[in-house]
Amino acid sequence: MKISMVQMNSGSDKARNLDDAERLVREVVAAEKPELVVLPEYFAFLGEGRDAVHGSGKYFPDGASYKRMASLARELGVTLHCGSMVEKAGNNHYNATVVFGPKGEEIAKYRKMHLFDIDTPGGVSYRESDTISRGEDVVTYKVGDTTVGCAICYDIRFPELFRALRDKGADVIVLPAAFTLMTGKDHWELLARARAVETQTYFVAVGQTGAHAEGKKWCWGHSMVIDPWGLMVAQCSDGVGSATATVDLNRVANVRRDVPVAQHHVL
């Protein structure tokens with residue numbers, strides 16, 4: 001199975017972000033013919049402030065972002081893992097991944113569990129819980145016979161979620177992100193490789209890159225695919241762009257046979 005990652009520099013202009021996302025998806029599908037394409041967290045809107053974030057949200061399946069990505073998946077005949085969008089649901093707003101199958105149907109929705117409330121080493125504060133409600137469900141979906149698990153950004157620091165995804169049969173785990181520059185340079189690759197080794201899955205970490213919030217905040221980028229042995233298979237260059245990896249499910253089976261950690265858990 002081929003997986004393509006689309007690395008973006010989204011901002012507060014939703015129309016421009018959607019144009020960029022569609023262009024990049026079309027380019028990588030034409031060039032690489034992947035079965036699965038992954039966009040980053042908040043690909044449609046990466047802006048500042050509670051009112052702006054809530055204003056960008058829509059009830060699913062309403063909204064330009066939802067409908068446009070569903071149509072794009074159907075037209076191109078691919079599974080499109082839409083990193084995350086702001087979903088309205090009653091009085092709540094969620095940071096939600098939506099996955100569209102090759103017929104344009106919604107095949108999965110994951111609401112981010114772990115919310116990013118952090119004062120970074122660079123002195124910038126993030127308070128995601130001021131704006132976003134917490135999700136509760138562990139979510140997987142199928143691409144052909146392959147089970148894919150869902151996570152988002154800050155989830156990467158909580159290995160119990162990834163063990164739960166593996167226990168639900170995940171062979172591939174996808175983590176769209178807008179990982180900060182200051183934490184990303186030290187922890188992004190380290191954590192992605194750790195989660196891949198622990199779960200013995202292909203780990204697909206797809207990030208935003210560059211400045212947003214009028215230059216006050218920066219994302220690390222460095223989107224990558226890690227194999228079940230913890231080795232780098234593919235990585236995006238700096239800046240906006242894409243990269244593609246071929247996932248060999250025999251590799252998953254062989255690693256799990258040689259080091260059967262799933263059979264050795266005590267706690």
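In this text, all values refer to a predicted model and were calculated from it rather than measured experimentally.
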Could you measure the distance from the [atom1] atom of [X] to the [atom2] atom of [Y]? Nearest 0.5 Å is fine.
X: Ile107; Y: Phe100; atom1: CD1; atom2: CZ; answer: 10.0 Å
X: Asp51; Y: Ser56; atom1: CG; atom2: OG; answer: 11.0 Å
X: Leu115; Y: Ser133; atom1: CG; atom2: OG; answer: 8.0 Å
X: His81; Y: Ser4; atom1: NE2; atom2: OG; answer: 14.0 Å
X: Asn92; Y: Arg134; atom1: CG; atom2: CZ; answer: 12.0 Å
X: Ile152; Y: Thr97; atom1: CD1; atom2: OG1; answer: 3.5 Å

Ion pair present between [X] and [Y], side-chain N to carboxylate O less than 4.0 angstrom?
X: Arg163; Y: Glu160; result: no
X: Lys2; Y: Glu32; result: yes
X: Asp19; Y: Arg23; result: no

Please say yes or no: joined through hydrophobic side-chain contacts below 4.5 Å, possibly via intermediate residues, are [X] and [Y] part of one cluster?
X: Phe45; Y: Tyr110; result: no
X: Leu76; Y: Val143; result: no
X: Phe116; Y: Ile156; result: no
X: Val252; Y: Ile3; result: yes
X: Leu46; Y: Met8; result: no

Check whether any side-chain heavy atom of [X] sits under 4.5 Å from a side-chain heavy atom of [Y], and report yes or no.
X: His54; Y: Thr131; value: yes
X: Glu22; Y: Leu18; value: no
X: Thr146; Y: Val172; value: yes
X: Pro102; Y: Val78; value: no
X: Leu249; Y: Val247; value: yes
X: Phe203; Y: Arg193; value: no
X: Thr79; Y: Val99; value: yes
X: Met232; Y: Glu189; value: yes

Of the non-hydrogen atoms in [X] and [Y], which two are nearest, and what is the gap between them?
X: Val197; Y: Gly230; answer: CG2-CA, 3.6 Å
X: His114; Y: Asp155; answer: ND1-OD1, 2.7 Å
X: Ser84; Y: Glu41; answer: OG-CG, 3.2 Å
X: Pro260; Y: Arg257; answer: CD-O, 3.8 Å
X: Pro176; Y: Gly83; answer: CG-O, 3.3 Å
X: Val204; Y: Met5; answer: CG1-CG, 3.9 Å

Distance to the ring centre below 6.0 angstrom and angle to the axis at most 45 degrees; does that hold for Arg111 and Tyr94? yes
Can a cation-pi geometry be assigned to Lys217 and Tyr126, taking NZ or CZ under 6.0 Å from the six-membered ring centre and within 45° of the ring axis? yes
Centroid separation under 6.0 Å, is that true for the rings of Phe179 and Trp188? yes
Decide side-chain contact (heavy atoms from CB on, under 4.5 Å) for Glu214 and Glu48; before the verdict, give the C-alpha distance in whole Å, the side-chain angles of both, and the deciding distance to 0.1 Å. CA-CA 9 Å; Glu214 298 179 342; Glu48 282 287 283; over 6 Å; no
For the pair [X] (side chain) and [Y] (backbone), establish whether a donor and an acceptor sit closer than 3.5 Å, ignoring hydrogens and angles.
X: Asp137; Y: Val139; result: no
X: Lys67; Y: Ala64; result: no
X: Trp220; Y: Leu181; result: no
X: Thr140; Y: Val148; result: no
X: Glu105; Y: Lys103; result: yes

Polar contact flag, side-chain donor to acceptor under 3.5 angstrom, [X]-[Y]:
X: Ser129; Y: Asp117; answer: yes
X: Asn95; Y: Tyr42; answer: yes
X: Lys168; Y: Thr147; answer: no
X: Arg251; Y: Asn254; answer: no
X: Tyr154; Y: Glu128; answer: no

Glu87 and salt bridge (charged side-chain N to carboxylate O under 4.0 Å, His left out): which single residue from Lys109, Lys58, Lys112 fits? Lys109
Please determine whether side-chain contact (heavy atoms from CB on, under 4.5 Å) holds for the pair Leu231 and Ile226, giving the CA-CA distance in whole Å, both sets of side-chain angles, and the decisive distance to 0.1 Å. CA-CA 5 Å; Leu231 303 178; Ile226 309 295; 5.9 Å; no
Over 12 foreign heavy atoms within 6.0 Å of CZ, Arg16: no
Looking at Asp119, I'd like to know if its CG atom is crowded, meaning that more than 12 non-hydrogen atoms belonging to other residues, nucleotides or ligands lie closer than 6.0 Å. yes
Dump the intermediate steps for side-chain contact (heavy atoms from CB on, under 4.5 Å) on Arg26 and Leu72, then the final yes or no. CA-CA 9 Å; Arg26 287 186 182 278; Leu72 184 62; 3.8 Å; yes
The complete set of side-chain hydrogen bond (donor to acceptor under 3.5 Å, both in side chains) pairs with one or both residues in residues 200-210, sequence neighbours excluded, reads Ser10-Gln208, Thr199-Thr201
Can you classify the ring geometry of Tyr66 versus Phe60 as parallel (below 30°), tilted (30 to 60°) or perpendicular (above 60°)? tilted
Pick out which of Pro40, Ser242, Cys236 makes a side-chain contact (heavy atoms from CB on, under 4.5 Å) with Gln7. Cys236
Step by step, would you call Ser71 with Arg74 a side-chain contact (heavy atoms from CB on, under 4.5 Å)? CA-CA 5 Å; Ser71 176; Arg74 181 171 59 251; 3.8 Å; yes
